[in-house]
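This report concerns only the one structure given below.
Hydrogens, waters and symmetry mates play no part in the numbers below; they use all other heavy atoms, side chains included. Nothing fancy with the numbering, it's 1 onward along the sequence. Being a predicted model, the structure only gives us computed values, none of them experimental.
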Amino acid sequence: MSNWTAGYVADIGYTYGYYTELNPQRLKLPFLASGQVLPEVKTACELGFGQGMSIAIHAAASQITWYGTDFNPAQASFAREITAAAGADASVFDESFEEFCLRPDLPEFDYIGLHGIWSWINDQNRRVITDFLRRKLKIGGVLYISYNTQPGWAPMVPMRELLSSHIDVMGASGQGIINRIDAALDFAERLFAAEPLYTKINPQVVERVKRMKEQSRHYLAHEYFNQDWHPMSFNRLSEWLSAAKLDFTCSAHYTDHVDAVNLSNDQQVLLQELSDVTFRQSVRDFMCNTQFRRDYWVKGGRQLGAFERGEQLRAQRVMLASESASVEFKVGGARGEATLNENVYRPILNILADYKPRSLGQIEHEMKNEGLVFAQVLQAVMILAGKGDLGLVQEDIVINKAKRATDKLNLNLLNKSRSSNDIAYLASPITGGGISVNRFQQLFLLARNQGIKHPQEWAKFVWQHLEIMNQRLTKEGKSLSTSEENITELTHQALEFSEKRLPILKALQIA
């Protein structure tokens, strides 16, 4: 492996994922819900952007100036291509963290995002990043950081080390990383069959490895098999970030803000007795057996007054991003799956069912007849937004300015769907972020873009592309062999898309 990789997997590309927590627009609800002064974000940076889907979407769908780096030149090239196609205000590089963080032409940033990379780099790079945060994050600026954490990863640490050792010791480099991962997972199954005492004490490890066998090898290579892989406790991360004068503000994962789905009453009482923020978060991680944290840290955070908090919360607009009838009245948390009170959620969904933006204050006013108070409205919005059923709406002036760039970016991504299903998100100027749209739906949109009006014709358009690629649909686990069968199934999907999903994408200004 080349020296420039610094022990990071580079012979297989990262997935084309989009990570909604990196969207600065999403700061608003958790900050205001936690009573924190909300910073204005004009300049932002993403370190380790992978294929660049998030930075491209966020640059196109906002009026924020973005900078970022990813050491892999192939990934940086793709990111540069799609940001340029959008005409987005983004400067992307293929430099190491040390090279990038010392660039003399970088501005100070209101927002810096690190998704996952903290777990996969060595201490030298952590020192580089901490120094960068100290120098380049503005006073009042926000760090978003997600990372693998303890104690949730504790049982898996020795198993990951064993799998990584198998790749290094038993695998030949000429096999390629995918074959070596497969061989390591096969070995793990043989090990489990021998019933080691370790798996009897830690049975969840067997289930995790079983899930790994079903996951993308591109994802596994980067998630588990870098030279450096260090799940870090919240307390240890706090020690690192204190050098950059950063204080923990709140979780970026919306459902973490709803204690009822994560903590028992006794656990909530115990946590309320703990005045030290770092110790309280560490104890909470034990209660939830946390494996992955998504957090906001601030340089010089300040508390809002109660009046200002309520005023700004009520001014925040949201809109429905899912079909109202398909919203499930369930949410997952550390305590498992919880059932939502339909008497609270159904009326809120009903008034949002026209896919028009409404402020939380407007929702509160309309919910008075249902006997709901603002605290119930806020909690419901946090959960629905956390599930992806609601989107936070940007200011109209930002939406209007971003629309041209998102149209250009989306057209570039739609054209890529003709030959690949790697990309599953498009940009919305309404939310400032990405919206899940699968390959067939993207091809239906591409057909519309080319002037094809009827769903039956969209289906034929998609089939033309699949047939060229010698691809077939599957239904009920069976491959559809004839053109007629494939077109029939595509027509069914196109009609359903036209009826249910297309109106939402129009409201989000994607279609």
Side-chain angles (χ1 to χ4, degrees), residues 2-10 14 19 21-22 24 39 41-56 58-59 64-80 83 88-148 222 226-230 232 236-248 252 294-300:
S2 306
N3 290 333
W4 62 268
T5 66
Y8 193 88
V9 170
Y14 197 57
Y19 306 100
E21 291 88 359
L22 282 163
V41 179
K42 294 183 178 179
T43 56
C45 176
E46 184 180 349
L47 297 176
F49 53 64
Q51 297 288 358
M53 285 293 295
S54 297
I55 193 172
H58 296 148
I64 298 171
T65 299
W66 279 86
Y67 291 78
T69 192
D70 191 280
F71 81 121
N72 188 315
Q75 295 177 175
S77 176
F78 180 81
R80 187 167 290 183
T83 53
D89 191 359
S91 299
V92 297
F93 302 90
D94 70 336
E95 298 173 338
S96 69
F97 294 136
E98 185 170 10
E99 291 172 322
F100 177 81
C101 291
L102 292 176
R103 290 183 67 95
D105 57 345
L106 296 179
E108 289 187 333
F109 296 105
D110 301 299
Y111 175 91
I112 296 175
L114 294 83
H115 178 75
I117 63 167
W118 189 264
S119 303
W120 307 327
I121 57 176
N122 57 30
D123 282 352
Q124 179 182 349
N125 274 313
R126 290 194 183 98
R127 283 189 286 271
V128 167
I129 290 174
T130 303
D131 177 67
F132 180 70
L133 294 170
R134 180 185 61 80
R135 291 183 297 106
K136 286 296 185 179
L137 187 64
K138 290 181 183 178
I139 295 173
V142 177
L143 166 70
Y144 165 72
I145 183 169
S146 60
Y147 59 101
N148 294 330
H222 292 267
N226 295 301
Q227 178 177 300
D228 293 285
W229 187 86
H230 306 287
M232 185 175 288
R236 182 75 179 108
L237 179 74
S238 182
E239 292 174 358
W240 274 97
L241 297 183
S242 65
K245 298 184 179 181
L246 291 170
D247 295 313
F248 173 74
R294 289 159 279 194
D295 294 331
Y296 294 128
W297 295 69
V298 177
K299 184 183 287 187

Measure the shortest side-chain to side-chain distance between [X] and [Y] over non-hydrogen atoms and say whether it is less than 4.5 angstrom.
X	Y	answer
W118	I129	yes
E99	F93	no
W66	S54	no
I145	L237	yes
Y144	H115	yes
N148	W229	yes

Residues which pass side chain to side chain contact (heavy atoms under 4.5 Å, CB included) with [X], listed by chain and number, not counting sequence neighbours:
X	answer
D94	P73, A76
R135	C101, L102, D131, F132
V142	L27, F31, P39, Y111, Y296, V298
D89	T65

- Query: Are the aromatic rings of Y67 and F100 close, with centres under 6.0 Å apart?
  - Reply: no
Can you tell me how far [atom2] of [Y] sits from [atom1] of [X], rounded to the nearest 0.5 angstrom?
X	Y	atom1	atom2	answer
H230	N122	NE2	CG	7.5 Å
F97	L114	CZ	CG	7.0 Å
Q51	N72	CD	CG	7.5 Å
E98	R103	CD	CZ	14.0 Å
I55	S91	CD1	OG	8.5 Å

Expected list for residues 41-48: side-chain donor-acceptor pairs under 3.5 angstrom, two or more places apart:
unit_1, atom_1, unit_2, atom_2, d
T43, OG1, E108, O, 2.9
T43, OG1, D110, N, 3.2
T43, OG1, D110, OD2, 3.2

Next item on the list: Please check if the side chain of S96 supplies one atom and the backbone of F71 the other of a donor-acceptor pair under 3.5 Å.
Entry: no
Quiz item: Are any side-chain N or O atoms of K245 and backbone N or O atoms of I139, one a donor and one an acceptor, separated by less than 3.5 Å?
Solution: no
Write down the atom of [X], the atom of [Y], and the distance for their closest heavy-atom approach.
X	Y	answer
L106	K136	O-NZ, 2.8 Å
G52	A79	CA-CB, 3.8 Å
G68	F49	C-CE2, 3.4 Å
W240	T130	O-CG2, 3.4 Å
R80	T83	O-OG1, 3.1 Å
E21	A252	CG-O, 4.0 Å

- Item | Full working for side chain to side chain contact (heavy atoms under 4.5 Å, CB included) between L137 and L246 | CA-CA 10 Å; L137 187 64; L246 291 170; 3.6 Å; yes
Q: Determine whether more than 12 heavy atoms belonging to other residues, nucleotides or ligands lie under 6.0 Å from atom CD of E95.
A: yes
Residue pairs meeting salt bridge (Lys or Arg N to Asp or Glu O under 4.0 Å), one or both in residues 114-126, sequence neighbours left out, come to D123-R126
